[in-house]
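What follows is a single structure, written as structure tokens, with notes after it.
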2 protein chains.
Amino acid sequence: MTVTAANSEVLIRCGECPIRVQAVCAYCGPSELVSLDEIKSYKTYKPGETIVWAGENLTVIGSLVKGIATLSRSLPDGRRQMVGLLFPSDFIGRTGKRVAPFDVVATNEVVICQFRQPQFDQLIKTTPSLERRLLDMTMDELDSAREWMLLLGRKTAREKIASLLAIIARRTMALSAASPRDGVAFELPLTRETMADYLGLTIETVSRQISALKKSGVISLRDSRHIVVPDFIRLLDEAGDDSDGGFID
Amino acid sequence: MTVTAANSEVLIRCGECPIRVQAVCAYCGPSELVSLDEIKSYKTYKPGETIVWAGENLTVIGSLVKGIATLSRSLPDGRRQMVGLLFPSDFIGRTGKRVAPFDVVATNEVVICQFRQPQFDQLIKTTPSLERRLLDMTMDELDSAREWMLLLGRKTAREKIASLLAIIARRTMALSAASPRDGVAFELPLTRETMADYLGLTIETVSRQISALKKSGVISLRDSRHIVVPDFIRLLDEAGDDSDGGFID
DNA sequence: CCAGTTATTTGATTTCGATCAAAGCAAAAG
DNA sequence: CTTTTGCTTTGATCGAAATCAAATAACTGG
């Protein structure tokens with residue numbers, strides 16, 4: 001299990017955490033070692049596999065260690081809306097709820113560090129700083145979800161695509177410490193269908209708008225999954241919003 | 001300040017709380033009285049008044065005591081999306097954030113029980129159960145926001161209207177303990193414009209779809225603000241979803 | 001009660017994105 | 001190498017909701 005603070009400080013680390021091996025609670029000070037090994041168990045999911053079914057019993061509680069998973073809900077006739085993306089260090093499940101409100105689906109090979117509910121509750125109770133951190137993370141997610149509501153409710157297809165690309169570009173830039181006016185290149189971690197389900201659009205519209213942005217010179221494509229953004233500011237402009245959305249932040 | 005638990009148990013009550021007068025923390029047991037009077041202050045806002053401006057310094061932290069407020073964000077060209085409704089007992093603001101992410105606007109006359117940031121942080125630190133409660137509330141809001149994303153991204157105009165009416169009808173029924181097959185009557189607390197901003201629609205479409213639902217016999221109107229739902233199940237059906245959304249739950 | 005806003009409804013038309021349809025492409029399977 | 005399969009692009013058409021426009025209804029303050 002990995003919990004990353006706002007300032008990127010690592011609070012608790014698991015054995016299979018990609019960053020480090022020791023289980024340490026940084027909040028409680030380095031002196032306080034949390035023995036997670038007894039209460040956690042790792043589970044691996046194949047690409048496309050459903051980790052949690054909406055409406056079913058919510059048994060999984062823990063955090064994503066490796067891979068990317070999607071949170072989504074579907075209407076009876078199949079219309080689907082993605083409502084969140086889970087990256088390593090994000091939580092799955094929640095305390096005090098019996099029924100899962102959303103589907104959780106693995107896009108890659110996903111590894112989850114899973115806890116038993118009573119033991120996780122205990123861990124939270126005995127680690128106030130963890131609860132505080134959980135609260136902050138949840139509030140951030142809430143802000144992101146609401147930001148996304150603005151996109152879903154009011155943005156045009158072109159603005160939706162630009163917003164999504166901007167968010168991914170921003171992630172990439174943050175990692176490479178590039179400036180906004182530099183070119184950014186990245187690989188789309190999503191299929192056109194997933195993008196469509198995210199943005200409340202159809203596959204065809206996604207494809208068309210990407211083509212349109214290409215024709216306008218806002219982006220260029222090496223292949224369908226590799227995007228190059230020559231001018232990030234220009235892309236932000238197309239997103240319609242002054243700020244950057246930040247759904248996947 | 002009023003914090004209501006999932007089971008409707010009241011945790012902390014302020015002087016002007018509509019339910020009771022004493023300031024009591026029920027979680028910490030009735031023995032533990034929380035002296036809120038020294039750190040809180042009441043503020044009243046007129047209908048239409050903006051309590052918090054998105055992008056500006058977030059100074060308000062506290063909870064809504066009376067009235068209804070909306071949470072919204074706008075695009076530079078004026079397109080607006082409502083992202084939440086605040087009812088009495090709901091929180092405004094959050095710890096550890098300098099800039100307000102959304103506008104908070106009073107629809108009625110609104111009374112807010114306001115705290116100073118450092119003192120509120122202190123209150124949270126010394127009241128672990130309060131933090132736990134805050135976490136639960138925030139997670140519920142997150143689930144609701146995501147549910148709303150499904151509506152915004154994938155539902156038709158008719159389904160959107162039906163969903164909103166169903167949520168309000170459900171609230172009304174819960175208060176009157178009526179059964180789903182009974183008729184429900186309620187007053188819309190929102191203008192057509194507010195509804196439109198909520199649902200990601202225009203005023204005209206809202207009006208048209210309400211007329212259409214009336215013509216289909218799903219609802220009837222005494223006047224534009226007073227809705228009668230003869231068969232709640234029928235309305236739920238029109239909402240497209242099996243479950244009830246619950247955005248305003 | 002009336003003039004003057006401010007909501008709401010209804011109608012006509014347009015437009016953006018969905019739908020229907022088919023072709024191109026690339027990776028995996030045989 | 002060819003076939004299959006899944007993903008993506010592009011084209012033609014359709015339709016739901018937006019936009020433009022105007023009438024009606026409801027509320028405001030004088």
Side-chain angles (χ1 to χ4, degrees), chain A residues 46-48 70 75 77-81 105 107-109 151-165 187-216 219-227 238 240, chain B residues 46-48 70 75 77-81 105 107-109 151-165 187-216 219-227 238 240:
Chain A
K46 281 186 270 293
T70 59
L75 293 172
D77 63 1
R79 282 173 284 171
R80 192 160 66 120
Q81 179 64 48
V105 181
T107 62
N108 311 105
E109 169 148 315
L151 176 144
L152 289 173
R154 292 301 186 194
K155 288 192 178 179
T156 65
R158 187 183 176 103
E159 288 168 337
K160 286 178 174 180
I161 297 287
S163 299
L164 181 60
L165 295 181
E187 186 185 348
L188 276 177
L190 312 162
T191 67
R192 296 288 185 267
E193 187 178 19
T194 311
M195 294 176 72
D197 283 344
Y198 236 106
L199 301 168
L201 298 172
T202 59
I203 310 174
E204 296 95 323
T205 300
V206 170
S207 180
R208 268 186 258 274
Q209 294 302 331
I210 289 180
S211 297
L213 285 173
K214 188 173 65 176
K215 199 186 266 181
S216 308
I219 60 173
S220 59
L221 306 187
R222 183 166 306 282
D223 63 57
S224 66
R225 297 292 191 89
H226 289 86
I227 308 275
E238 292 282 352
Chain B
K46 280 186 270 292
T70 61
L75 293 171
D77 63 3
R79 282 173 284 171
R80 193 160 67 118
Q81 178 64 49
V105 182
T107 62
N108 311 103
E109 169 147 315
L151 177 145
L152 289 173
R154 292 301 186 194
K155 288 192 179 178
T156 65
R158 187 184 175 102
E159 289 169 337
K160 286 178 174 180
I161 297 287
S163 299
L164 181 60
L165 295 182
E187 185 184 348
L188 274 178
L190 313 160
T191 67
R192 295 288 185 265
E193 186 178 18
T194 310
M195 292 176 72
D197 283 345
Y198 236 108
L199 300 168
L201 298 172
T202 59
I203 309 174
E204 296 93 325
T205 299
V206 170
S207 180
R208 268 186 258 273
Q209 294 302 331
I210 288 180
S211 298
L213 286 174
K214 188 174 65 177
K215 199 187 267 183
S216 308
I219 59 172
S220 59
L221 305 187
R222 183 166 307 280
D223 64 56
S224 66
R225 295 294 190 88
H226 288 85
I227 308 275
E238 292 283 350

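Chain naming here is simple, since letters A, B, ... match the order of the sequence lines and numbering starts at 1 in each. Keep in mind the model is a prediction, meaning the values are calculated, not measured.
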Worksheet item: Heavy atoms under 4.0 Å, any strand shown: does A:R225 hit a base, just sugar-phosphate, or nothing?
Response: sugar-phosphate
Worksheet item: If you look at every strand shown and take non-hydrogen atoms under 4.0 Å, does A:T191 touch a base, only sugar-phosphate, or nothing?
Response: sugar-phosphate
Worksheet item: Can you check the A:L221 CG to C:dA26 C1' distance for me, whole Å?
Response: 15 Å
Practice prompt. Quickly work out the A:I203 CD1 to C:dG17 P distance and round it to whole Å.
Written response: 17 Å
Item to complete: Using a 4.0 Å heavy-atom cut-off across all strands, classify A:S211 as base, sugar-phosphate, or nothing.
Response: sugar-phosphate
Item to complete: Identify which nucleotide among C:dA18, D:dT9, D:dA18 has an atom closest to any side-chain atom of A:T202, counting heavy atoms from C-beta outward.
Response: C:dA18
Worksheet item: How many Å lie between CZ on B:R222 and P on D:dA26, as a whole number?
Response: 13 Å
Worksheet item: Do B:V206 and B:I210 touch side chain to side chain, with heavy atoms closer than 4.5 Å?
Response: yes
Worksheet entry | Length of the line joining A:E204:CD and C:dG17:C1', which is rounded to integer Å | 10 Å
Discussion item. Under 4.0 Å from OP1 or OP2 of D:dA17: is there any side-chain N or O of B:T205 that close?
Written reply: no
Practice prompt. Describe the nucleic acid contact of B:S224 in one word from base, sugar-phosphate, nothing, applying a heavy-atom distance below 4.0 Å.
Written response: sugar-phosphate
Worksheet item: Less than 4.0 Å between a side-chain N and a carboxylate O, is that true for B:R79 and B:D77?
Response: yes
Discussion item. Just by distance, no angles: are the side chains of B:S216 and B:R158 close enough, under 3.5 Å, to form a donor-acceptor pair?
Written reply: yes
Worksheet item: Once you round it to whole Å, what is the distance between P of C:dA26 and CZ of A:R192?
Response: 13 Å
Worksheet item: How long is the line joining CD1 of B:I210 and C1' of C:dT8, in whole Å?
Response: 10 Å
Worksheet entry | A:R222 with A:E187: basic N within carboxylate O range, under 4.0 Å | no
Practice prompt. Please confirm whether any donor atom in the side chain of A:R158 sits under 3.5 Å from an acceptor in the base of C:dG17, or the reverse.
Written response: no
Worksheet entry | Distance, rounded to the nearest Å, where A:Q209 contributes CD and C:dC16 contributes C1' | 9 Å
Discussion item. Students often get this wrong, so: under 4.0 angstrom with heavy atoms, is A:L201 touching a base, only sugar-phosphate, or nothing?
Written reply: sugar-phosphate
Discussion item. Looking only at side-chain N and O atoms, does A:K155 offer a donor or acceptor that is under 3.5 Å from a partner on A:S163?
Written reply: yes
Practice prompt. For A:E187 and D:dT8, give me the distance from atom CD to atom C1', rounded to whole Å.
Written response: 15 Å
